[in-house]
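Below, each value reflects all heavy atoms present in this structure, side chains not excepted, and no hydrogens, waters or symmetry copies.
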Amino acid sequence: MRAAVVGGGWAGLAAAVELARAGFSVTLFEAARQLGGRARSVELPGQRLDNGQHILLGAYRETLRLMRAVGADPERLLRRLPLELCYPAGQTPLFHLRLPRLPAPWHLLAGLLAARGPSLGEKFAAVRFLRDLQRAGYRIGDDCTVSSLLSRHRQPASLCRYLWEPLCLAALNTRPQQASAQIFVNTLRDSLGSGRAAADLLLPTADLDRVFPAKAADFLRFHGGDIRLRSRVQAIGQGPSVDGERFDFVVVAVAPQHAAALLAPREETLAIAQTLAEYRFEPIATAYCGYPPELRLPLPMLGLAVGGHGQIGQWVFDRGLLCGTAGVLAFVLSGHGLWEALDNEALVATLQKELAVALGTTLPAPLWQRVIRERRATFRCRPHLRRPAARTALAGCWLAGDYVCADYPATLEAAVRSGVAAAREIVLSASPAASPRASAAGANSAPRFPRRG
C-alpha cells in the first residue's frame, strides 16, 4: 500500500520509518532542501552547526528506539550524563544539583538533599512538592499555570528561580507565568519521577543530521522509499491525494500553522484547521561563539542566573566537551524575553559578559560568532490548549507533530511519538484482521512489523 508523509521533520521521519517497517511504499514530501525540520544541521560560512542546541532525556524511549531501528547508535551519538544543574558564581555556585547514580527514588532524594545553595528547609520543600505530585498520580485537577502551581505548593523563591522555572522554560519553551502546569507535571513524572536513567541528560556528540535524520533517510531509501526534497505540497485532497497524486494513506506532519493552511480548504478538516489557527508560538535563539581551543567550561552545561537583575542568559554548552569542537560555546535562549530586542552583536556581547561574571574571570573576544533565531520554534504550551487527534475526518488522512502528542510539550520525543502513533493507527486500519494483542500495543512497545529488504 502507498503512504505519503508530508513533512520531513522528526515527526514525519518517525511516521515514514514505521510505515516502511510495516511494508508500506512510502513517499516523503519535504519543502526544504534537507530533512530534520526544526531540529536540523545548517551550513554557514566556514561552519556546520545545528539550528539549536537540542537536549534529549533518558526518558525519550521512542526516540532512542527509533534511532536504533535506523542504525543510529545512541551510545555513540549521545553523551549520557546524570542530571546536573549548576549556576556558577565565581568559586561558590548559586545553585548546584547533581543526581547521583543510585536506584530510584534514592537518586532524587540524595541529589536534592546534597544540593548546594538552597537551605535545608528549601530542600525539604522540593521533596514535599514531588511527593505530593506522586501521591496525586501526577494529576493536578483543573489545569493552571506553572507559577500558580508552584505558589499553591509553597515553593520558595530560590527553588523557583534555579530549579522549577528553568526546568519549565527548558521543557515547555514557555514562561512559567503562561505555561501549562499539567504538561509540566507530566514531564516531571516521566523524568524525575521515573527510573534513575530517565532523568539523564543525553547531549548530542554529533550534528543533528547524524543523530537521526540522515540515518532515517538511508533507511527509507533502502526500503524503497521515495524522498522528494524541495517539494512544497499545496493541497491535500480526497482519496486521499497529495497535489492530485493518489495514495492509500497520508500523514500530514508539518508545523501547526502550515497544517492549518493545508487542511482549512476542506470541510472535513476545517475544525482542526480552526483549532490550529489559534496557536501562538515561542522563539528559541542559539548564539554560537568560537574561542581559542584551550577555553573550556567546568561542566558541559551551565546555567546562567535566569531573570536576575536584568540578565538574559539561560544556558551555555561547551561543544568541545560534547562533540570535540574545542572552544565552541553555544548559548541557548528559550521563549520570549528581553533578548529579542538585541541585535546579534549586542546579544553576543551581553551573553559573554554574563558568562564572565558567572565564572569570575575574563573571557577572550570570540574569534567568530553566529546567532540562529527560530522565531516559531515551538507552540506556546499554555493551560487548556486544545490538541488535535491523530486521525482526521478526511478518509485516510492522519496528523503527526509535537502538537498532536497531547501529554507532552513541543519536544523531539513528542514529535517522534506522534509519528509512531499515526503510523501504527494506519497499520491497524489497513489490517482489519489485526489481532487484539497487536491493537493493544502501547506507544512504548517495540513494533513487530515485518522488515523489507
Please table the atom pairs, donor to acceptor, closer than 3.5 Å between any side-chain atom in residues 355-368 and protein atoms at least two apart or in another chain.
none

Quiz item: Are any side-chain N or O atoms of Asp207 and backbone N or O atoms of Arg210, one a donor and one an acceptor, separated by less than 3.5 Å?
Solution: yes

Quiz prompt | side chain to side chain donor-acceptor pair (under 3.5 Å) partners of Tyr279, counting only residues at least two apart | solution = none

Quiz item: Going through the checks in order, is the side-chain hydrogen bond (donor to acceptor under 3.5 Å, both in side chains) test met by Arg373 and Asn344?
Solution: CA-CA 10 Å; Arg373 300 176 189 245; Asn344 291 348; 3.0 Å; yes

Practice problem: Would you indicate whether Lys123, at its atom NZ, is surrounded by more than 12 heavy atoms from other residues, nucleotides or ligands within a distance under 6.0 Å? | Solution: yes

Practice problem: Using a cut-off of 6.0 Å, state whether more than 12 heavy atoms not belonging to Arg375 lie near its atom CZ. | Solution: no

Exercise. Please name all residues satisfying salt bridge (charged side-chain N to carboxylate O under 4.0 Å, His left out) with Arg135, sequence neighbours left out, ordered by chain then number.
Key: none

Quiz item: Any luck finding a side-chain donor-acceptor pair between Asn51 and Glu374 under 3.5 Å?
Solution: yes

Check: residues 66-78 side-chain donor-acceptor pairs under 3.5 Å, at least two apart:
from, atom 1, to, atom 2, distance (Å)
Asp73, OD1, Glu75, N, 3.1

Quiz item: Looking at Tyr162 versus Tyr87, is the centre-to-centre ring distance below 6.0 Å?
Solution: yes

Practice problem: Can you sort out the partners of Gln177 under side chain to side chain donor-acceptor pair (under 3.5 Å), two or more places apart, ordered by chain and number? | Solution: none

Quiz item: Residues two or more places apart in sequence or in another chain: which of them pass side chain to side chain donor-acceptor pair (under 3.5 Å) with Ser151?
Solution: none

Quiz prompt | Gap separating the CZ atom of Arg417 from the CZ atom of Arg65, nearest 0.5 angstrom | solution = 10.0 Å

Quiz item: Side chain of Ser147, backbone of Pro176: donor and acceptor closer than 3.5 Å?
Solution: yes

Quiz item: Around atom CZ of Arg128, are there more than 12 heavy atoms of other residues, nucleotides or ligands at under 6.0 Å?
Solution: yes

Self-check item: Heavy-atom pair of closest approach, residues Val17 and Ala216
Solution: CG2-CB, 4.0 Å

Quiz prompt | salt bridge (charged side-chain N to carboxylate O under 4.0 Å, His left out) partners for Glu282, two or more places apart | solution = Arg380

Practice problem: Inspect the contact between Asp407 and Arg189 and indicate whether a charged nitrogen and a carboxylate oxygen are less than 4.0 angstrom apart. | Solution: yes

Quiz item: Just by distance, do the side chain of His153 and the backbone of Ala126 share a donor-acceptor pair under 3.5 Å?
Solution: no

Self-check item: Exercise: identify the closest heavy-atom pair between Pro82 and Asp200
Solution: CA-OD1, 3.6 Å

Quiz item: Can you list the residues that meet the salt bridge (charged side-chain N to carboxylate O under 4.0 Å, His left out) rule with Arg386, with sequence neighbours excluded?
Solution: Glu278

Quiz item: So does Glu18 pair up with Arg424, basic N to acidic O under 4.0 Å?
Solution: yes

Quiz item: Counting N and O atoms only, with roles assigned by atom type, does the side chain of Gln155 sit under 3.5 Å from a partner on the main chain of Phe129, one being a donor and the other an acceptor?
Solution: no

Quiz item: Can you check whether Trp10 and Phe212 have ring centres sitting under 6.0 Å from each other?
Solution: yes

Practice problem: Kindly write out the residues that satisfy side-chain contact (heavy atoms from CB on, under 4.5 Å) with Pro300, not counting sequence neighbours, or none if the list is empty. | Solution: Arg79, Leu81, Leu203, Leu321, Leu322

Quiz item: Quick one: does Gln178's side chain have a donor or acceptor within less than 3.5 Å of a partner on Thr145's backbone?
Solution: no

Exercise. Please report the shortest heavy-atom distance between Cys144 and Leu149, naming the atom on each side.
Key: SG-N, 4.0 Å

Quiz prompt | Partner residues of Thr325 under the side-chain contact (heavy atoms from CB on, under 4.5 Å) criterion, sequence neighbours left out | solution = Arg319, Cys323, Val328

Practice problem: Please report the closest heavy-atom contact between Ala198 and Ser191, naming both atoms and the distance. | Solution: CB-O, 3.9 Å

Exercise. Compute whether any side-chain donor of one residue and acceptor of the other, for Tyr138 and Asp190, lie under 3.5 angstrom apart.
Key: no

Exercise. Check whether any side-chain N or O of Arg98 sits under 3.5 Å from a backbone N or O of Gly111 as a donor-acceptor pair, and report yes or no.
Key: no

Self-check item: Heavy-atom pair of closest approach, residues Gly313 and Leu333
Solution: CA-CD2, 4.0 Å

Self-check item: For Asp209, salt bridge (charged side-chain N to carboxylate O under 4.0 Å, His left out) partners two or more places apart
Solution: Arg48

Exercise. Taking side chain to side chain donor-acceptor pair (under 3.5 Å) as the test, write out the residues that go with Ser180, two or more places apart.
Key: Asp143

Practice problem: Grab the two heavy atoms, one from Glu122 and one from Ser158, that are nearest each other, plus how far apart they are. | Solution: OE2-OG, 2.8 Å

